[in-house]
Amino acid sequence: MVLQGNAQSKIIRMSTPTPATPPAHATKGTTAASEAVKPSNFLRQIIEHDLAAGTYAQRQWGGSPGDAAHHAAGQPDPAKIRTRFPPEPNGYLHIGHAKSICLNFGLARDYGGVCHLRFDDTNPEKEELEYVNTIMNSVRWLGFEWNGSATAPPYQASDYFDFMYRAAEYLIEAGHAYVDEQTVEQIRINRGDFGKPGVNSPFRARTPAQNLARFREMRDGRHEDGAMVLRAKIDMASPNINLRDPAIYRIRRATHHNTGDKWCIYPMYTFAHPIEDALENITHSICTLEFEDQRPFYDWLMERLTEGGLLSAPPPKQYEFARLNLTYVVTSKRKLAQLVYDHKVKGWDDPRMPTIVGLRRRGYTPEAIQLFTERIGVTKSDSWIDYSTLEGCLRETLDVCAPRAMAVLDPVKLVLTNWDAVMGAGTLDDCSAPLHPHHPELGKRSFKIGKEVWIDRTDFEETPPKGFFRLFPGNQVRLKYGHVIECTSCSKDLEGRVTEVHATLVPDTKSGSPGSDAVKVKGVITWVAVADGLTVEVRLYDRLFLEAQPDAGGKDFIEALNPNSLRVVTAFVEPSLASARADQKFQFERHGYFVADGVDHTKVKPVFNLAVGLKDSWGR
Ligand code: ATP
Ligand code: MG
C-alpha cells in the first residue's frame with residue numbers, strides 16, 4: 001500500500017547537478033531531453049534485457065487492439081515495445097500523472113516502441129467527456145503523441161467489453177470462474193484476513209454449465225444489482241488475499257457514456273486491466289506500487305487466457321514503481337476536486353494547483369516537467385520529493401530562454417530633482433538592455449528614463465540597516481541600464497509612510513556611455529519610468545499549503561491551506577511587455593520568472609503570474 005500518509009518518510013530535495021555536458025534542455029524543443037544520456041533505472045534494465053533476449057520479438061500486430069486471432073493475422077509488430085498510460089477519465093491530470101506519462105511515453109520513445117493512451121472507462125458511473133478532452137490536451141502539451149501517430153484517437157477500455165465478456169465465459173467453461181450468490185457481507189467474512197485463510201463459498205462447487213446459465217442471466221438483467229458476482233476460482237487459502245477468488249464481474253445498472261445501456265454487468269478493474277493490456281499488445285505494463293499485490297492475479301489471468309488461445313502470447317507483464325509524492329501539494333484527484341468544488345482555488349487550472357493545466361498556467365513548460373521527472377527518476381521505494389526540486393527545474397529551463405524585463409511590484413515614486421537642470425525640462429532619455437544577457441543575438445529592448453521613475457519600496461530605507469547598499473539619503477546607486485543617482489531625501493504621509501523618494505542624477509554616468517563607470521556604486525536597482533511604464537496586474541502566488549505533507553496520516557488537508565497563497569498587486573513594467581502574448585514567460589529582473597496569464601491576459605488588461613522566484617526561499 002502507498003506510504004502517502006507516512007509523515008516519517010524522507011523528503012528528498014534534488015538540486016541542479018553540475019553539468020559535465022550542457023543540460024538536456026539547453027536546446028529548444030521537447031525532444032531535447034531525449035538526446036542526453038539517460039541514467040539507467042530498473043525499468044530500463046528490464047526492457048533492455050527483454051530486447052536483448054528477444055522476449056517480444058515474435059509478436060504480431062493486427063493494426064488495432066484485438067484477440068489472439070486478430071493479431072496472428074497481422075504483421076510483425078513494428079513497435080519493439082508497447083507501454084501505456086491508462087487514466088480513468090474522472091478528473092484532471094496532476095504532476096503524479098505527469099511522472100507516469102513521461103515515464104511510459106519516454107520509454108517507448110527511447111526503445112523504438114509505441115505508447116498507448118487508453119481511457120480506463122470500465123466504471124460506468126464516473127466518466128465525463130470534459131475530462132477526456134483535458135487529458136488528451138495535457139498529454140499532447142507535455143510533448144507526446146499516442147498510439148503511434150499524431151492523429152490516432154485514444155483507445156477506450158469500454159470498447160473491449162465484448163471481449164471481456166467472452167473471456168469471462170471462457171473462464172467459466174474451463175472451470176476457472178463461478179457465480180457466487182453469497183451476500184456482500186458473507187463474501188467479506190469468508191475471505192478471511194492476513195492471519196486466517198478464507199472459507200469456500202457454498203456456490204463454488206457448481207458445474208460450469210450451471211455457472212454459465214447463471215452468468216448469462218446476470219447479463220440479461222434477470223437479477224438485482226449486487227445479487228451475485230462472478231468470481232475467479234483460484235485459492236481461498238492463498239496467503240495473498242487478492243488470489244482468494246477475486247470478483248471479476250458485478251451487476252450494475254448504469255448507463256455507460258460509450259456503451260449506453262447495452263450492459264448491466266461490468267468487469268472489475270483487476271480483471272479488466274490485464275485484458276486491456278493484452279488486447280493492445282502491451283509488453284511492459286507499468287503501474288504504481290499499490291498494485292504489487294495484484295500482480296499474481298494479473299499473471300494468473302494472462303496464463304489462463306493465453307493457454308485458452310484467446311490472447312496472444314507472450315502476454316504483457318506488470319512492473320511497479322513508486323508513485324510521486326510531492327511536498328506542499330496534494331496529488332489525489334478526489335482531494336483536488338474538493339479544493340475546486342469548495343472554492344478554495346479558482347478552478348482546476350488555478351496556478352496554485354498541481355494539475356497539469358494549473359502548472360501550465362503558473363508558467364511551467366513541458367521541458368521543465370520532463371526535466372523534473374527525469375531528475376527524480378524511478379525507484380521501487382516510496383519517498384517524498386521536495387517541491388523546490390520542481391521549482392528548480394522550472395528556474396533552470398526558463399533561465400536559458402526567458403526574455404528579461406524590468407518590473408516594479410511595490411511601487412513608490414522616485415523624483416530626480418535636478419533632471420530639468422541637467423537634462424532639460426520634459427526630456428526623456430533613451431535606454432536599452434539585452435533581451436537575454438547570454439544571447440545578444442536575441443536583440444535589445446528599449447525604454448525611456450525621465451524625471452520620475454517607479455522603484456520598489458524595499459529599495460529605499462530612510463535609516464539603512466547594516467549592509468544595505470541601495471537607496472538611503474547620501475548614498476549613490478545605479479538605476480540599472482540608466483544613470484547613477486544620489487539619494488537626498490523622501491517625503492511621507494501622516495502615517496509616516498514614504499510617498500516619494502528624492503535623488504539627484506550624477507551627470508555623465510549613463511550605462512554604456514564612455515566613462516560611465518568612473519563613479520563606483522555598490523547597489524544597482526531596477527526601475528520603470530513613469531513616462532512609459534505599463535500598468536499591469538501581477539498575481540503573486542505562494543505555496544498552496546503551509547505544511548510539507550498536508551494530508552499525511554489522514555489529516556484534514558484543508559486546515560493546512562496557506563491563507564496568503566495569492567496576493568494581487570498593481571505593478572509597473574517596462575514598455576517592451578506591451579507585446580507579451582498569453583503564456584509567454586519572462587524574467588522580471590531581480591524578482592523571478594513570470595508568465596502572461598493564459599486565460600485573463602490581454603493587451604488592454606495585462607496580467608502576469610509569478611511562476612517561480614529567482615532563488616529558492618523555502619525550507620532553507
Ligand atoms: P488519483 O489517486 O489521483 O485518482 P489514480 O491513480 O486513480 O490517481 P488514474 O487515472 O487511475 O489515477 O491514473 C492513471 C495513471 O497514472 C496510473 O497508471 C497511475 O499509476 C498513474 N499515477 C497516478 N498518480 C500517480 C503518482 N502520484 N505518481 C505516479 N504515477 C501516478
Ligand atoms: Mg484510479
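Whatever order the structure lists ligands and atoms in, that order sets their numbers, starting from 1. Residue indices begin at 1 and follow the sequence shown.
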Crowding at CD, Gln338 (>12 non-hydrogen neighbours, <6.0 Å)
yes

For His94, the ligand 1 atoms with a heavy-atom partner under 4.0 Å come out as 3 (O), 24 (N)

Distance under 4.0 Å to a non-hydrogen atom of Ser100: what atoms of ligand 1 satisfy this?
16 (O), 21 (C), 30 (N)

Could you tell me which atoms of ligand 1, counted from 1 in the order shown, lie closer than 4.0 angstrom to a heavy atom of Pro86?
14 (C), 18 (O)

Got a donor-acceptor contact below 3.5 angstrom from the Thr389 side chain to the Asp386 backbone?
yes

Per-atom contacts of ligand 1 with Ser332, taking only distances under 4.0 Å to non-hydrogen atoms:
3 (O)

Does Leu324 reach ligand 1 with a nitrogen or oxygen that is under 3.5 Å from one of the ligand's nitrogen or oxygen atoms?
yes

Should one rank Val378, Leu289, Asn90, Thr288 by closest heavy-atom distance to atom 20 (O) of ligand 1, which comes out on top?
Thr288

For ligand 1, which atoms have a heavy atom of Arg323 less than 4.0 angstrom away?
26 (C), 27 (N), 28 (N), 29 (C)

Any N/O of His97 closer than 3.5 Å to an N/O of ligand 1?
yes

Would you say Lys317 has more than 12 foreign heavy atoms packed within less than 6.0 Å of its NZ?
no

Not counting sequence neighbours, which residues clear salt bridge (Lys or Arg N to Asp or Glu O under 4.0 Å) with Arg361? List them please.
Asp349, Asp597, Asp600

Who's closest to atom 7 (O) of ligand 1 heavy-atom-wise, of Lys333, Lys99, Arg118?
Lys333

Min heavy-atom dist Phe85 to ligand 1 below 4.0 Å:
yes

So, using salt bridge (Lys or Arg N to Asp or Glu O under 4.0 Å) as the criterion, who are the partners of Asp399 when residues are at least two apart?
Arg404

May I ask you to decide whether Arg231 forms a salt bridge with Asp180, counting only side-chain N to carboxylate O separations under 4.0 Å?
yes

Report the residue from Ser64, Pro65, Ser312 that forms a side chain to side chain contact (heavy atoms under 4.5 Å, CB included) with His70.
Ser64

